[in-house]
Amino acid sequence: FVMKYRTFDRMSNRYVENTVPLYTVKPGQILLFRGLYSILKDLAKKFGINASINNPFIEDVDEVDIPNSLGGKDLRVYQLDAVKKAMDSIAEIRGALIQMPTGSGKTLVGETLIKTLMDIGKLKTAFIIVESQDLLNQWSSELAKVFGKEKVGKLYQNEQSVKEGGINVVTYQSLYKIVKTYVSNVRNDLDVKENTLFTVYKNADFILVDEAHHLPADSISAILTVNNKAVRVGLSATPFREDNKDLLLHSLTSVPVVRYKMTDEIFRKLNVLVPVKVVNVLVDFAEESADDNVSASAVIKLSSRIISDESVQRLALFIALKLHEKYNLPVIIHSPYAKPLREMSQRFNIPLLEGQKSDAEREVLLQKLRENKVDVVLATTLVDEGIDIPPLVGLILMLPGASRVKLVQRLGRLTRPYKGKDIAMAYLFDYSNSRLGALSDIFKRQKKRRDDFMIKEGYEVEDVYWKEVSI
């Protein structure tokens, strides 16, 4: 129950190891995060000890009726499985972490848990915490269909319609603004004055965190720990961390009760998700000079210069146009950095989705993508999570990086079913064989990490030299 993770120290320009115990020892007691109970139970079993909960949240969970349909939608077999296993975990420790891929119906699972707990008198006020306004609007719309518009409250920017006895959808940022003053005052032994919004949240019975892999962030974990009595549910396609803080994620919710992946056969059989083929495009013509001891900031700068190269951009555009020509569906060219995409947008007159655009401009372009009224779009990390674009058939990652979480989330943009779309394509640019000095070795390690993960997860992965790419 000790979490070991790395953080980057900018002073020394290197990673340092951190060790944090997730338990407290008191006379005759060991206090442990409730989400780690299943690990404790498994450890106890190895020593012949039967661990059990003396005061379960729900006594006879097997007697609880779980609806087979909600809001006119029938729950699929894997959704029912997720709800039942989540309820088993909630009954013991008031927490559950659910892994389900993008597009598989996580929202319906969350709604069913809320309805089930309401029906047995265990839930009056609920909070759904999301990362963006787009996700907030999606959740609010779906909840209104099931529970009625009058039951749904919102908290973001200038809208504060949080309702006691309702189901409130809030963004991380908006809720943290309310919580951080309270947390700061408690830490500094100052007078604590609660406003109405904070009191409603602190006394809520149920908290669901969408995209729960963000939970270990200091601001988000602070939000959760303010309310210790609520049921906590996490939903994510990627309930793991690149910084090894998985144990903290589990401690705040639970060890994953189900682990459904994008590549699981059940999603093909039920026509829920479109399969994704991954092609590593081997690029050997990029040139940059990098020292053996290249710093993290230098890697970012040099990588950005590589994808600013007109030849690299022309290759990405060629693949995108060929994909659109074949499928007559939109394609996104992606970069984590906005500057190269702005240059590309001006150079080739291609629309761009990025943070500097207004909300209205972004929504207009997203709607064109959803309605299949645009061929190729350039996009930054804005489209990484929580954006539904069913017609999207191709994704070209000019800098795919090494993160498993970001890779799965990005590939998840491709899996929504759409007429005429029986497969989706992802092209990941790799510069390992280019003349980049030490940077080539970094790209080589990133590719190996990606490939090992994707093969283990069941993706179809192929290496193709850039001159031999065929669509």
Answer whether the closest heavy-atom distance between the side chains of [X] and [Y] falls below 4.5 Å.
| X | Y | answer |
| --- | --- | --- |
| P330 | V377 | no |
| S52 | K41 | no |
| L369 | L353 | yes |

**Study point:** Of all pairs that satisfy side chain to side chain donor-acceptor pair (under 3.5 Å), the ones with a partner from residues 106-129, not counting sequence neighbours
**Key:**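 Only K115-D119 qualify under side chain to side chain donor-acceptor pair (under 3.5 Å).
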
Kindly say whether [Y] contributes a backbone atom to a donor-acceptor pair with the side chain of [X] at under 3.5 angstrom?
| X | Y | answer |
| --- | --- | --- |
| K421 | R416 | yes |
| R450 | G401 | yes |
| S335 | Y337 | yes |

Check your understanding: How far apart are the closest heavy atoms of E371 and K373, and which atoms are they?
Key ->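 Looks like OE1-NZ, 3.1 Å.
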
Review point. Can you list the residues that meet the ring-ring contact (aromatic ring centres under 6.0 Å, His included) rule with F206, with sequence neighbours excluded?
Key: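 Result, ring-ring contact (aromatic ring centres under 6.0 Å, His included) vs F206: none returned.
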
Check your understanding: Is it the case that more than 12 heavy atoms not belonging to K229 sit under 6.0 Å from its NZ atom?
Key ->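 Counting other residues, nucleotides and ligands, NZ of K229 exceeds 12 neighbours.
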
Practice item. Please indicate whether K84 has more than 12 foreign heavy atoms, meaning atoms of other residues, nucleotides or ligands, lying under 6.0 Å from its NZ. Key: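 Atom NZ in K84 is not packed in, count stays at 12 or less.
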
Point to revise | From D463, D430, D452, residue fulfilling side chain to side chain donor-acceptor pair (under 3.5 Å) relative to K447 | key: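 Passing option: D463.
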
Check your understanding: With a 4.0 Å cut-off, would you call D384 and R410 a salt bridge?
Key ->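 Answer for the salt bridge query: yes.
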
Practice item. Could you verify whether a donor N or O on one side chain and an acceptor N or O on the other, from D264 and Y78, lie under 3.5 Å apart? Key: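 Not at all, the side chains of D264 and Y78 share no donor-acceptor pair under 3.5 Å.
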
